[in-house]
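Just so we're on the same page: letters track the sequence lines, and every chain starts at 1.
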Amino acid sequence: MKSNYAVLLIAIPLLVAFLQPLFSLINKRLTKWVTFLTIGFNFIYSLKLLNYVMANGAQIAIIGNWKPPFGINLYLSPFSMLFATIIYFVALIVLLVYLIDKPTEVDDRMSIATLLMVMASGAITLTGDIFNMFVFVEILSISTVILISFNNKGISFKGAFRYIVLASLGSSMLLLAIGFIYGSLGTLNLASIAYRFNLLNPVYASVIVFLFMAGIMVEAELFPFNAWVPEAYKGSKSYLNALLSGVVGTTGIYVLFRMFITIFGSGQNHIQVIGSVNFNAVIIVIGVLTTLIGEFSALSQKDIKKILAFSSMAQMGIIAVTIGVANMNSINAGIFHLINHAFSKSLLFIVAFPIINIVGSANIDKWEGLGRKNIFLAIAFAIGSFGLIGIPFFNGFWSKMMIVESVVSAGGWMYLVIGTILLSALVETFYFFRIIFKLFVDKKIESTYSVHIFIYLAILILSIIVIYIGIKPSFLATYIHKAAIDLVDKSHYISTVLGVIK
Amino acid sequence: MIVLKFIGYGFTAIIIGLLFMGIGRKYTARIQRRYGPPFWQAFIDVTKLFSKQSLSHNWIMDFGILMGFAGIVGTILFMPIGPWHFFSLMNGNIVIIMYFMTIGSLGMAMGVSASGNPNSTIGISRALTLMVGYEIPFVIAVIGLIFVSKSSLLGTMVSLQSGGIMNWNIIKYPFGFIAVEMALQAMLGEKPFDVITAPSEIASGPMVELSGKMMGLAFLQHAAQIFLETGIVVNLFLGGANNIWEFFLKQFVLFILSLTVNAISPRFKFEDAVKWLWTWPTVFALIQLLIIILT
Amino acid sequence: MISNILLYTMIAAVISFALGQKLKAVRWSFSALFLGYVGFQLYGLYGQWGMVETHNIFSLGSINFSLNFGITKLGWFFAFFTTIINIMIWIFSIVKNMNEKEERGINFLWILLAGSNLAIFFSVDWITFFIAWEIMTWTSFFIITPGWKNSFKAANWYFILSMFGAYAMLVGIWWLYATPAIHTLNIASSIALLAKLSITAPGTVGIIIALFVLSFFAKSAVFPFHPWPAEAHAEAPDDFSPYLSGIMIKYGLYGILLFIVPLFIQIMKVNPNIAMVNGIPVYSYILAWFGAITAVLGTYLAIVSNDMKKLAAYSTVSNIGYAVTSMFILSSAGVTGGLFHVVNHAVFKSAIFLSLGAVKFRTHEREMHKLGGLATKMPITFLTFLLGIIAAAGIPPLNGYASKWIIYQALLSGHFPFLTTMIFLASTGAFLYLFRALHSIFLGQLPRKFNNVKEVPFLMQIPMILGILSMLGIGYAPGIVLKPIGLAVKAMGLTPMTVENTLMVGKLSSINTAVVSSTFIGAFFFAFAFYLIGKKRHHVEPLDNYTAGQDPEEFGLTPELYHFALKFYEPVKNIFRPIEEKLNIKNYYRALVRNANSFGATLSEMFKLSGAGSSMIFVLGLVVIILAGWML
Amino acid sequence: MIQSTFFYTTAIILFLIGLYGVLTKRNVIKTIITLTIMETAVNLFLVTIGYVKNGTAPIFTSTISDVHKFVDPLPQALVLTSIVIGLGTTALMLSLAIRLYKKYKTLNYLEMDGEDEK
């Protein structure tokens, strides 16, 4: 069974993380390279697996020869592999910048945290066991907190502390939900939960879904569980924010997708989350509120990190809406948008890093005239924002078109939803254009900071991807199409994991 | 031939206009218990002006004055004067007439404001604003007439009024006539609407910097304008005319009417003039329009 | 073929970008030449109606995204005329950019804009239309921003309103698509299907129309979106203002002609139970009123503004108002008049803005009271402006009156007395502001600091002279434009007006433009004869003037002091002041923006609470969600 | 059964106490303590799920072979894991508290001001 080796995606980073102290004995900078190479391996291997599952359909990887539902299994499908690949990819690009960032005392420890974080995210996308998921979510939040607090500023600690408080609250909820699930269904395997979830008393099921939602929405940056977002983003380094939004946020939304559509979902054409409550509506309302709050809050900010933080929050809200709408087109659109957001937002965060260093401030008012100093960075920032706003022939355009289409076609009160979302998008467009305008103002900036070639490389790769998806989205469309089908097809998920059910 | 006809039309308009002006001065003087100049005084003035040296600040001034005069003369060609039609009836379109007329205003305005005297410019700004004032009631009244005659041609309107005084629009649509008559007072720049020249306020306004033949041309323009504006009203409301003398007579009646009001009125404050035009005549014109639409 | 042209445009844009900072002259000449080539190609496309080119982009789920370009009569007409005007403007900007500081990448954006301009007119499905629309919006935003010092604020007025419109259109497009009875993205078939749907579901059709109308109105600055041109046109670079005013603002009108007007015509044909006023649907009548209000409002705002570019921009708004009113009359004359006015306005307003640009190029002054007496210094510019305002005022024999005449024909023959009155009011008011601009800039006293001002370079004069010629030409023979318009009108399902080169036949009357022109010339010669009779004139200095007997030097009179230009129409302002204070849409928008900002600031405070506070939000939020969830 | 109800009730009460603390305490240390209380409550809850009255360890021996008497081992495993995670979290939070104190010389969250804008 080839697919069983997929465990390496989790095992190797874990192993390397524990070995990092040894490497740091040789040289602290070495740990960075080790981290980079490990994630590089993960990326390449997951890409291979992605192509494998694209061709051969979903696979499971069994750990310790315990067949599901008794043992722990990994579920390798186009959807999970696609997101694992994207997470590893974004992490890889971010690590490119991390490699050349100026050395600090804590390089080795930071490498461990980064490695664990990326490992946990990848593992969350792959795992087929709910408790396993919980553990990885915990690892994810702990390592994220560590990463944030390494910046050694008051606000980093504040942000980190706020995050860990909320994450603990969330994980308590998550654990309660898992307890309820186990108490009622007697299993922790996702597939068997999916198989039997509709047998539950609807009220009981609703409690579970609510608790689960509260737990995972902390990571997914959805209101009202996202109070940590601005301070944590502000507190950590700009390129690490790319990990926060491109990896943590993406993972959170991934879990929402997987759980609400496949596991808790009804598995019919228009997917409804099982329970006595209209969860689809709840998620849509949460998404809309998040979008509205995120965009309007971003409008009033001057600090680029906070602006981008609020913006990521808002984008997560938009994707949450697509989860709630839950028809085939909206799921396609949501996946597409999640991918686009991961790329564009990472690009923006990474570009912001050298810009902050050149200008010496994260305040956008001080960014005036950057285009004269370094046109490349300015254009890259513009590309990232265009991708995010959805200017035609940049990636975000297509996914936003699809989102609008799917939400509008749902009809009814969705017109209100799309109205609010587009209003927020208008606000977003405004504040991004404001920044871009400032970049190209005619003003002189004095700075001696020279941008490292690796940063350029990272920016270039992401810019090219953003534009390439914009011009030729068809190559991504095949992946998304299969991923969406995988996501929606509940019975296929169950039968793949548990074997054919008599 | 056509050139001769053209010149004939132009001179008719000028001569009649100057005659009216002369008679008007005499008439006003008599009302005000003065002796007044002879009725051919206007001709004497014009001749005198053309024989004197004139001052000009630049070529635009000359050009503007010429354009002003040309605009009015050109407009007269579109108007049926009793049985006379310069063009075929098809062209006597009220919309074109109203727009062609403005060449005159624009030309005059351009000419005098090129002189660079603030008094004349103030006069022009007043003239243009007043134009907005009087054109509204005038246009509303005209729209009503166009609706009833289903044509915007003056010729058609005239022919619809033929056959006795009871067919005249003044009898059929009296409110419209009242509105237009009020507007005509402003069009002719007579009191209480003589805010444009207002000699005691802005030193004759537009005319302040004109002299010699410039002044002469302005004089001629004014004469032609009197002819044109009264002529339009005659065509619209007084049933046109079967021969030109009848036409001139009707024009003269209108002109005397307006002179009478002029002789006994004070001057409006400028804003009040416009406001007044937008209230009373406009209300009359609207009443007329509503009557036409609803019947 | 069309895709090739668009592709070349992209390539040209990249080439221009690659040419670097130093080769300014090469770049601008290259792009002007390129545009000439495009114009030539477009001319060759005449007659190939119905040709469609499809490029698939991708399909996902049940949607298939593709770019479809085709040639419609209306589209070709717009594309061709805008390109011609565009060439005029670009010739102007060669010199402008060579002599002034050129923003990096501006030319690149210009070429992209020209490309999206074509794409808008050639798109046959809504997705393509929307894409072109968006590209046009953001490129123009970036072209406007490097203009004057407040340009960013100004561009935002434009941009936010435009984007608002674009999003409205986006919802409209997908609503169309989501409606089972329509389910198409093709523009032409969506019109037919919508018209049919209006029988069974008038509400849906009404909302869809409203969404599209919002978008088009926002772009064309129809009331209540009228504030943006004054900001954007005024603050834009001087060579871009003609484009904004001449071409860009017409996209909304194109949209109306492309979609709304044919839709109404179709609805009138297939739907017997639609509510009608005066023979047109009530909706259409209401929209026509929007146009009329715009016309009057634009005129008023132009009258009271002191900035010359603002004045011209408001004039544009009011002209758009005429065109909108006329189009929504839905009669043959109405649509023709609206369309014709669009072209005429494009010509004369570009000429006006070009001459204003020329004035600014030499004087660097924008407020009118600081200028004056430039006519003798810049005769060609003056002549362009003079003829431009004559055309704008609708005075024969220039082009503006021909379209205004048709508009009046349409309004009067359709029995719309009050609309006619509004339009007439606006049109008469136009004299006020146009003359004011003429006087304040070109006539009156020449300030001493401008004593050495020269006429602009010859290359800059070329487009102005072209403008003069085309104004005169169209005024003399409107048929050359009206004939292709007739084709487009016929394609909408109306009987086109009878026109010949110099003859326009209306329902109420007909007009021979040649006669009108020759009358004016004849009258001028008549007047000139009098002029020759009179004694020779004598030239004096401008300041040698009537001063009520005072010696000018005694009380320190300067040309600047003797130039009456500031607060020119204070009386008009006084008359309208009570109304203006109550109905200021601009303040309303400002308040909206302010409130959005403070709303955002309030919301973001929520994220600065203590750890306990954020936990509170967490828990309370969860409780609320659970409670609300159970209620839903 | 009485006992498991008792445990459930205790778990809920503990959870609510913890929640109350989290929501009201501005002091960093107190927040950490209350969070730990919450975790304990959840752990207690989990253990109770698998609890069987008079049950035995889930190991087959010669004397005990009644499967129904077995206590479910899985919740216990979960709780073990969760305790470990909780330990890690608490340690992390405490270290953050130390850093916060060093930076701001206070443990009251609301008094940690300044240094917000760079």
Side-chain angles (χ1 to χ4, degrees), chain B residues 6-7 10 50-58 60 62 66 69-70 73-74 77 87 90-91 93 95-96 99-100 102-103 106 109-110 113-114 116-119 121-122 125 128-129 131-132 135-136 139-140 143 146-147 151-153 203 208-209 212-213 216-217 220 270-271 274-275 289 293, chain C residues 373 375-376 390 393-396 401 404-405 408 412 415 417 420-421 424-425 428-429 431-432 435-436 438-439 443-445 508-512 515-516 519-520 522-524 526-528 530-531 533-543 545-546 548 562-564 568-569 571-572 574-575:
Chain B
F6 195 124
I7 292 170
F50 271 94
S51 60
K52 287 198 167 177
Q53 198 192 36
S54 56
L55 296 182
S56 162
H57 294 291
N58 44 42
I60 297 154
D62 307 26
L66 279 177
F69 182 45
V73 173
L77 301 182
F87 299 116
M90 189 191 88
N91 281 310
N93 183 337
V95 177
I96 284 299
Y99 271 96
F100 215 111
T102 50
I103 300 181
L106 184 70
M110 187 169 81
S113 79
N117 193 308
N119 287 319
T121 320
I122 292 171
S125 100
L128 291 171
T129 316
M131 189 167 89
V132 180
E135 289 222 333
I136 295 308
V139 161
I140 297 175
I143 289 171
I146 291 175
F147 282 1
S151 166
S152 57
L153 295 178
V208 66
E209 206 48 28
K213 64 181 175 184
L217 280 167
L220 291 181
F270 177 58
E271 282 101 323
V274 178
K275 279 186 195 164
L289 187 62
I293 292 173
Chain C
T376 45
I390 290 178
I395 298 174
Y401 93 101
K404 278 200 182 172
W405 182 81
Y408 285 123
L412 290 172
H415 284 244
T420 319
T421 313
F424 208 95
L425 175 61
T428 315
F431 293 117
L432 269 69
F435 175 73
R436 189 262 162 96
L438 183 77
H439 165 75
L443 306 176
Q445 301 285 353
L508 297 175
S509 59
S510 311
I511 190 165
N512 191 328
V515 167
V516 175
T519 307
F520 176 73
F524 194 82
F526 182 76
F528 196 63
F530 276 91
Y531 184 76
I533 292 167
K535 206 172 174 198
K536 214 170 168 301
R537 76 186 180 91
H538 172 66
H539 179 80
V540 291
E541 284 306 307
L543 207 55
N545 221 314
Y546 170 80
Y562 219 48
H563 184 51
F564 171 62
F568 205 83
Y569 289 119
V572 182
N574 285 339
I575 294 170

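If you measure heavy-atom distances from C:Tyr408 to chain B, the contacts under 4.5 Å come from the side chain alone. Residue contact with chain C, scored on non-hydrogen atoms closer than 4.5 Å, involves the backbone and the side chain of B:Leu66 alike. Only the side chain of B:Ile293 comes within contact range of chain C, judged by heavy atoms closer than 4.5 Å. Both the backbone and the side chain of B:Val132 have a heavy atom closer than 4.5 Å to some heavy atom of chain C. B:Leu220 touches chain C through its side chain: at least one heavy atom from C-beta onward sits under 4.5 Å away, while N, CA, C and O do not. Both the backbone and the side chain of C:Leu412 come within less than 4.5 Å of a heavy atom in chain B.
When side chains are defined from C-beta on, B:Phe100 does not count as touching B:Leu77, because their heavy atoms never get closer than 4.5 Å. Residues B:Val139 and B:Ile143 are in side-chain contact: their nearest non-hydrogen atoms beyond the backbone lie under 4.5 Å apart.
Taking chain C as the reference chain and counting heavy-atom pairs below 4.5 Å, the highest number among B:Tyr99, B:Phe6, B:Phe270, B:Phe50 is found for B:Tyr99. Ranked by heavy-atom pairs under 4.5 Å with chain C, the first of B:Ala109, B:Gly216, B:Gly74, B:Ser51 is B:Ala109. When each of C:Tyr531, C:Phe424, C:Tyr401, C:Trp405 is scored by its heavy-atom pairs under 4.5 Å with chain B, the top score falls to C:Tyr531. The choice from B:Val73, B:Val274, B:Ile60 that makes the most heavy-atom pairs within less than 4.5 Å of chain C is B:Ile60.
The ring-ring contact (aromatic ring centres under 6.0 Å, His included) search around C:Phe520 returns none, not counting sequence neighbours.
Between the CZ atom of C:Phe431 and the CD1 atom of C:Ile390 there is a distance of 10.0 Å, given to the nearest 0.5 Å. Atoms NE2 and OG1, from C:His415 and C:Thr420 in turn, are 10.0 Å apart once rounded to the nearest 0.5 Å. Going from atom CZ of B:Phe69 over to atom CD1 of B:Ile103 covers 14.0 Å, rounded to the nearest 0.5 Å.
For the 3.5 Å distance criterion, the side chains of B:Asp62 and B:Ser56 qualify, holding a donor opposite an acceptor.
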